[in-house]
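Remarks on the structure that follows.
It should be emphasised that the depicted structure is a prediction, and the values quoted were computed from it without experimental measurement.
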Amino acid sequence: MKNQRMVRNILVTGGAGFIGSAFIRYLMSPEASFQGLCVNYDALTYAGNLNNLNSICDDRRYLFEKGDICSQNHVEHVCREHAIDTIIHFAAESHVDRSILGPQAFVATNINGTFQLLEVVRKNPTIHFHHVSTDEVFGSLESTGHFNEDTPYRPNSPYSASKAASDHLVRAYAHTYGLSTCISNCSNNYGPFQFPEKLIPLMILNCLERKPMPVYGNGLNVRDWLYVEDHVRALYILLKHAPRGETYTIGGESELRNIDIVHEIIRQISQISQITVIRDASYQELEKLLTYVKDRPGHDFRYAIDCSKMKQSFNWKPSHTFSQGLERTIAWYIDNIDWVKSLRVFSYAD
């Protein structure tokens with residue numbers, strides 16, 4: 001690949017969260033061949049969990065620094081202390097239902113937090129800044145069409161509006177101040193270590209525990225699902241090779257209706273034998289757990305990503321089908337019940 005960027009010392013914001021911790025675990029893996037320093041900068045709010053990084057916490061290349069991205073002085077101190085040359089920005093409030101109930105935290109973290117980080121980079125312009133964003137900034141699709149890098153922004157929730165604003169800040173700072181930046185907009189992630197307020201882990205756990213499996217509206221809303229390990233592999237490629245100022249959409253090429261995901265979870269769990277956390281159950285028995293609930297306000301109908309640019313530029317593609325990724329995810333939650341029990345389980349969302 002062309003445009004090799006030297007990535008020596010990385011600051012990972014939100015590295016104790018779901019995707020951030022997956023990125024750090026990948027960075028420490030033999031496949032990544034990373035030889036520098038990774039500083040995990042995280043405030044450890046409700047969804048941040050250092051247990052997500054137990055497997056690599058003793059690696060000499062890894063360091064944890066507790067801190068808030070809204071504290072510009074602290075971020076800058078950490079960057080200078082560790083000679084940071086790359087920031088990858090995961091830290092964000094990301095739960096749509098929470099943004100509807102309390103949008104102020106989303107403005108504070110997603111907009112002001114990104115602004116504070118960009119100010120650090122403006123003062124230290126040798127740092128490359130990668131902003132991890134979402135496809136929700138593009139709004140809602142009808143039954144056809146796909147999002148790509150040129151899709152106009154039409155956010156429909158306080159969450160997606162705050163992420164859209166942060167995207168615009170990154171572009172504006174790159175254009176105005178000549179900073180080295182890249183933006184990626186991903187589809188819905190799933191996989192091990194995901195906090196169980198999100199659709200897939202909540203449905204898995206409720207199914208295992210024989211609790212109601214609540215589905216918004218008629219369950220026909222469509223999302224494109226991206227296995228988290230495929231996502232973080234793409235992000236590391238972009239850190240090393242993406243030209244400055246570029247934007248990439250990253251999807252899993254797995255469009256599914258919410259109700260079909262729930263049925264697939266039920267199907268896979270009903271076929272697993274010798275589960276120690278629950279008694280064996282038939283598909284029909286587990287299907288009775290399905291519960292339709294009042295739809296979310298302003299619920300986007302469909303998201304779908306065209307990731308042709310990512311595939312053609314870097315020969316990247318998702319390596320997991322949805323069924324494969326879900327099977328691995330279910331197995332992980334079954335094998336890590338103690339991790340689950342250490343968390344507070346919140347209500348349904350997607």
Side-chain angles (χ1 to χ4, degrees), residues 5 7-28 32 34-94 105-134 162-163 166-167 169-170 173 179-184 186 189 193 195 228 231-232 235-236 238-240:
R5 177 181 293 109
V7 179
R8 297 181 179 88
N9 299 326
I10 302 178
L11 183 77
V12 180
T13 72
F18 168 48
I19 307 177
S21 64
F23 177 80
I24 293 175
R25 292 193 303 274
Y26 176 78
L27 197 65
M28 299 293 109
F34 177 67
Q35 296 302 317
L37 175 68
C38 171
V39 180
N40 174 9
Y41 190 87
D42 198 297
L44 297 182
T45 56
Y46 79 95
N49 188 345
L50 289 178
N51 290 332
N52 297 355
L53 295 161
N54 284 344
S55 62
I56 60 89
C57 64
D58 294 327
D59 195 300
R60 60 173 180 79
R61 299 167 295 169
Y62 170 76
L63 176 68
F64 173 68
E65 182 79 36
K66 186 174 182 179
D68 187 337
I69 59 171
C70 293
S71 177
Q72 182 185 145
N73 290 338
H74 189 209
V75 173
E76 185 170 15
H77 169 75
V78 172
C79 287
R80 291 183 174 177
E81 180 181 11
H82 299 293
I84 297 298
D85 56 64
T86 305
I87 295 175
I88 182 165
H89 179 31
F90 294 97
E93 297 284 348
S94 64
F106 290 73
V107 172
T109 299
N110 299 354
I111 301 177
N112 184 49
T114 303
F115 162 72
Q116 300 295 344
L117 293 173
L118 288 167
E119 280 291 284
V120 171
V121 177
R122 184 166 72 91
K123 296 175 184 178
N124 301 271
T126 58
I127 296 175
H128 174 69
F129 186 83
H130 185 102
H131 181 55
V132 181
S133 190
T134 172
S162 69
K163 291 296 289 185
S166 64
D167 287 9
L169 278 172
V170 175
Y173 266 66
L179 305 184
S180 177
T181 68
C182 183
I183 299 171
S184 56
C186 68
N189 280 223
F193 295 100
F195 193 81
V228 68
H231 183 198
V232 299
L235 291 174
Y236 193 47
L238 292 179
L239 280 189
K240 295 190 295 182

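- Atom CE of residue Met28 and atom SG of residue Cys57 lie 12.0 Å apart, to the nearest 0.5 angstrom.
- For Asp42 against Ala16, the heavy-atom pair with the smallest separation is OD2-N, 2.9 Å.
- One finds the SG atom of Cys38 at 5.0 Å from the CG atom of Leu27 (value rounded to the nearest 0.5 Å).
- Taking all atoms of both residues into account, the shortest heavy-atom contact from Ala47 to Phe195 is CA-CD1, 4.1 Å.
- Atom CZ of Arg122 sits about 13.5 Å away from atom CD1 of Ile127, to the nearest 0.5 Å.
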### Task
Could you go through the side-chain contact (heavy atoms from CB on, under 4.5 Å) check for Asp85 and Arg8 one step at a time?
CA-CA 7 Å; Asp85 56 64; Arg8 297 181 179 88; 3.0 Å; yes
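- The aromatic rings of Tyr41 and His74 lie tilted to each other, with the angle between the two planes from 30° to 60°.
- What you find for Ala105 and Glu93 is that their closest heavy atoms are O-CG, 3.8 Å.
- Using a 4.5 Å heavy-atom threshold, the side chains of Ser166 and His131 count as touching.
- Nearest heavy atoms, Lys163 versus Ala92: NZ-CB, 4.0 Å.
- Distance alone, capped at 3.5 Å, places no donor-acceptor pair between the Asp68 side chain and the Ala43 backbone.
- For the 3.5 Å distance criterion, the side chains of His231 and Asn189 qualify, holding a donor opposite an acceptor.
- Partners of His128 by ring pair (Phe, Tyr, Trp, His ring centres under 6.0 Å), not counting sequence neighbours: none found.
- Asn40 is not listed as a side-chain neighbour of Glu65, based on a closest heavy-atom distance of 4.5 Å or more.
- Partners of Lys123 under the salt bridge (charged side-chain N to carboxylate O under 4.0 Å, His left out) rule, at least two apart in sequence or in another chain, are Glu76.
- Each of Asp59, Asn52, Asn54 was evaluated against Arg25; a single residue qualifies, Asn52, per the side-chain contact (heavy atoms from CB on, under 4.5 Å) test.
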### Message
Does Leu37 form a side-chain contact (heavy atoms from CB on, under 4.5 Å) with Ile10? I'd like the steps, not just the answer.
### Response
CA-CA 6 Å; Leu37 175 68; Ile10 302 178; over 6 Å; no
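- Aromatic ring pairs are classed by plane angle as parallel below 30°, tilted from 30° to 60° and perpendicular above 60°; the pair His89 and Phe129 is tilted.
- Atom-to-atom distance recorded for Tyr26:OH and Leu235:CG is 10.5 Å, nearest 0.5 angstrom.
- Each of Thr114, Asn110, Asp167 was checked for a side chain to side chain donor-acceptor pair (under 3.5 Å) with Ser133, and the lone residue meeting it is Asp167.
- Inter-residue side-chain proximity for Val120 and Cys79 is flagged as met; some heavy-atom pair is nearer than 4.5 Å.
- Separating the CG atom in Asp58 from the CG atom in Leu53 is a distance of 11.5 Å, to the nearest 0.5 Å.
- For the pair Cys70 and Ala108, the tightest heavy-atom approach, listed with the atom from each and the gap, is SG-O, 3.4 Å.
- Using the six-membered ring where Trp is involved, Phe115 and Tyr173 have ring planes that are perpendicular, over 60° apart on the 30 and 60° scheme.
- Contact of the Val39 side chain with the Val12 side chain is not registered, since no non-hydrogen atoms from C-beta on lie closer than 4.5 Å.
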### Query
Does the side-chain contact (heavy atoms from CB on, under 4.5 Å) test come out yes or no for His130 and Ile87, once each step is laid out?
CA-CA 6 Å; His130 185 102; Ile87 295 175; over 6 Å; no
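- Ring-centre distance between Phe23 and Phe90: below the 6.0 Å cut-off.
- Scanning both residues, Leu179 and Pro125, for their nearest heavy atoms gives CD2-CB, 4.3 Å.
- Side-chain contact between Leu11 and Val75 is present, with at least one heavy-atom pair separated by less than 4.5 Å.
- Separating the CD1 atom in Ile69 from the CG atom in Asn112 is a distance of 8.5 Å, to the nearest 0.5 Å.
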### Task
Could you please spell out the steps behind the side-chain contact (heavy atoms from CB on, under 4.5 Å) verdict for Phe64 and Leu44?
CA-CA 11 Å; Phe64 173 68; Leu44 297 182; 3.7 Å; yes
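- The main-chain N or O of Gly15 is never found under 3.5 Å from a side-chain atom of Ser21 such that the two would form a donor-acceptor pair.
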